[in-house]
Structures are given as C-alpha cells and as structure tokens.
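Presented below is the structure to which this report refers.
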Amino acid sequence: MQVRVPHEWPDTPEEAVAIQLRLRSLVEQATPAGFEPRTVAGLDVAYEEGTNRVAAAVVVLDADSLEQVDSAVAVGHTDFPYVSGLFAFRELPSLLAALERLTVTPDLLVCDGQGVAHPRRFGLACHLGVLTGLPSMGVAKNSMGEFEPPAAERGAWTPLLDGEEVLGRALRSQSGVKPVFVSVGHRIDLDRACAEALRLCPRYRLPETTRRADRLCRDALA
DNA sequence: GCGACAG
DNA sequence: ATCTTGTCGC
C-alpha cells in the first residue's frame, strides 16, 4: 500500500514532542459511517540485543475468519532512544516501510501499544493512523492511565482514566487473565475498538493480529 | 532524592 | 524490547 512518509523527523525528544502536539489535532475519534472492516492488520517490531537493528512486521487477516491474507517485513535500524511517551519514534520508520510492502490496503490497523491513552493523547496507534489515513487502534499490554480491575469474565471492562478524562478501557480479553488496554487510534470510536479487540482475541490474551506479527518480526531477526 | 515509565 | 528454567494447571 501507498504510505505518506513523514516529511520531517525529530533529532531530539523536544522536537518529537512538538511533532506530537502538532499532529494530534488531526486525530478523529469517530467511526466512518458504514465502517465494516473486511481485513485487519497487526503490527509489531522486534529488537536485536546489543544493536540497533530492528525488524517490523505487518500481517493482514480476514476480519471474519482471521485467516492471513497478506504480510510484509522490513529490517532496518532505530536511532531514536526509548522514551516513554515517545515510543512511536522508535518503531514508526520500520513499520511504515513494512506497510509499503503490503499488496493490499487493510481496513484497520491494530497496534501493539497505546492510541490516545498517552500523555499527549498521541500514541503510536494515533501516529500510524494519521500518517496512513486508515482507521487504527491500540491494544497495549500495560496501561498509562489509572483503572480499577475489571470483572474476571472475558468482555468485562473498566475505564482507563486520567482524572475525569476517559482515555480507553482495561478490557478482559480472556477470563481470568490480565486485561489488555484498548484505546482509539484514528477514525474509530472506543466501543468499536473494544468490539474489534474482543473479536481478535478468540483464544489468547493478545489479539491474533499482534501475535502473528510478533512471531513474524521475531523470525526475521533470527 | 525516589519511584514511575506503551515497547 | 530482551536476558532466561522450571513449574503449575488444563
């Protein structure tokens, strides 16, 4: 698929923050009318110990059968350090390169990280959504906001909060396991994002999309 | 100074 | 993220 590559790239954390503050106004938290994804993409990045070599993978699954219809990998390097809140600048280049190698354009991007559940309301899922123009959402393994543990049954959820502001949901994707943290990325609402997350977790805690992307980028480094 | 801190 | 063995449970 065609991707609009970032025109400018930050050299410092300060510049990265400035970019987030400028792009965050482009985030749309409403689901397009008639939105019914036929394909869903999962994205993930693996890191090589001791180096700055990374591998990004994107897998595209049929939304109903969860069968894989496409995939792509991109091996590259990361120069940006890991800073909580600026995580996207570490993975964005390689993820965009992988997306460009896709032969189809997915209807929804499911990211391994936060969407608007972010200090400046612009996590990786928002960034990828805005740059591609595609609906996107974040399913993170850890939260950045406060939350009360949801009931133990699959499907139970509690709001992810920053004071009174709702940033996302702590969603129980499987009964009796630690919840995942779902938040809006771009062009989707929180209810739909959670519904999609649940559909993608028929058996495991993490979405089938991120599980397969994780395995793919890991193999690419080995 | 001390603890937190997506991946 | 990554380094890592065994172990408890279905």
Side-chain angles (χ1 to χ4, degrees), chain A residues 10 13 16-17 19-20 23-24 27 42-58 73-98 109-131 136-147 152-154 159-163 165-171 173-186 190 193-194 197 202-207 209-222:
Chain A
V17 169
I19 290 176
Q20 292 182 325
L23 293 181
R24 67 176 178 182
V27 170
L43 309 86
D44 193 23
V45 176
Y47 297 75
E48 184 174 65
E49 69 292 358
T51 23
N52 60 349
R53 199 165 80 100
V54 301
V58 186
V73 176
V75 177
H77 298 278
T78 304
D79 296 314
F80 215 84
Y82 172 69
V83 179
S84 180
L86 298 179
F87 172 59
F89 295 95
R90 229 170 130 58
E91 306 201 330
L92 226 35
S94 50
L95 284 174
L96 292 174
L109 303 181
V110 178
C111 307
D112 185 33
Q114 316 286 358
V116 298
H118 175 277
R120 288 168 292 282
R121 312 299 181 254
F122 198 72
L124 174 64
C126 300
H127 212 139
L128 275 171
V130 166
L131 291 183
S136 68
M137 54 181 271
V139 178
K141 295 183 281 296
N142 291 293
S143 81
M144 291 197 93
E146 314 164 329
F147 69 98
E153 302 73 44
R154 170 183 146 87
L160 236 186
L161 305 168
D162 178 9
E165 185 177 1
V166 176
L167 305 182
R169 288 177 191 169
L171 174 68
S173 55
Q174 286 298 317
S175 296
V177 304
K178 176 181 175 177
V180 293
F181 304 89
V182 180
S183 60
V184 170
H186 186 52
L190 188 51
C194 287
R203 178 144 165 73
Y204 300 103
R205 177 191 176 228
L206 297 181
T209 37
T210 64
R211 285 172 51 80
R212 296 190 202 182
D214 176 85
R215 181 167 181 177
L216 188 54
C217 61
R218 225 180 271 221
D219 290 346
L221 277 187

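Convention: sequence-line order gives letters A, B, ...; per-chain numbering from 1.
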Sugar-phosphate, base or nothing in reach of G85(A), heavy atoms under 4.0 Å: base
Sugar-phosphate, base or nothing in reach of Y47(A), heavy atoms under 4.0 Å: sugar-phosphate
Side-chain N or O of Y82(A) closer than 4.0 Å to phosphate OP1/OP2 of dC5(B): no
Whole angstrom value for the distance that separates P of dA6(B) from CG of L171(A): 19 Å
Interatomic distance where NE2 belongs to H118(A) and P belongs to dG7(B) [whole Å]: 12 Å
Atom-pair distance (CG on L160(A); P on dA6(B)), nearest Å: 12 Å
H127(A) and F89(A) aromatic ring geometry - parallel, tilted or perpendicular at 30°/60° bounds: perpendicular
T78(A)/V45(A) under side-chain contact (heavy atoms from CB on, under 4.5 Å): CA gap, chis, key distance, verdict: CA-CA 11 Å; T78(A) 304; V45(A) 176; 5.9 Å; no
Residue R90(A), side-chain heavy atoms: nucleotide from dG7(B), dA6(B), dT2(C) that is nearest: dG7(B)
L92(A) CG to dA6(B) C1', straight-line distance once rounded to whole Å: 14 Å
Centroid-centroid distance, F87(A) to H118(A), less than 6.0 Å: no
Distance in angstrom units between L206(A) CG and dG7(B) C1', rounded: 13 Å
Nearest-angstrom distance from the residue atom CD of E48(A) to P of dC3(C): 10 Å
Atom-to-atom span, CG of N142(A) to C1' of dA6(B) - whole angstrom: 7 Å
Interatomic distance, T210(A) atom OG1 to D112(A) atom CG [nearest 0.5 angstrom]: 5.5 Å
Touch class at under 4.0 angstrom, heavy-atom based, for L167(A) against every strand present: nothing
Closest to the D112(A) side chain, choosing from dA6(B), dC3(C), dA1(C): dA1(C)
Heavy-atom neighbours of R215(A) CZ exceed 12 at 6.0 Å: no
Between dC3(C) (P) and L221(A) (CG): distance, integer Å: 10 Å
Touch class at under 4.0 angstrom, heavy-atom based, for A46(A) against every strand present: sugar-phosphate
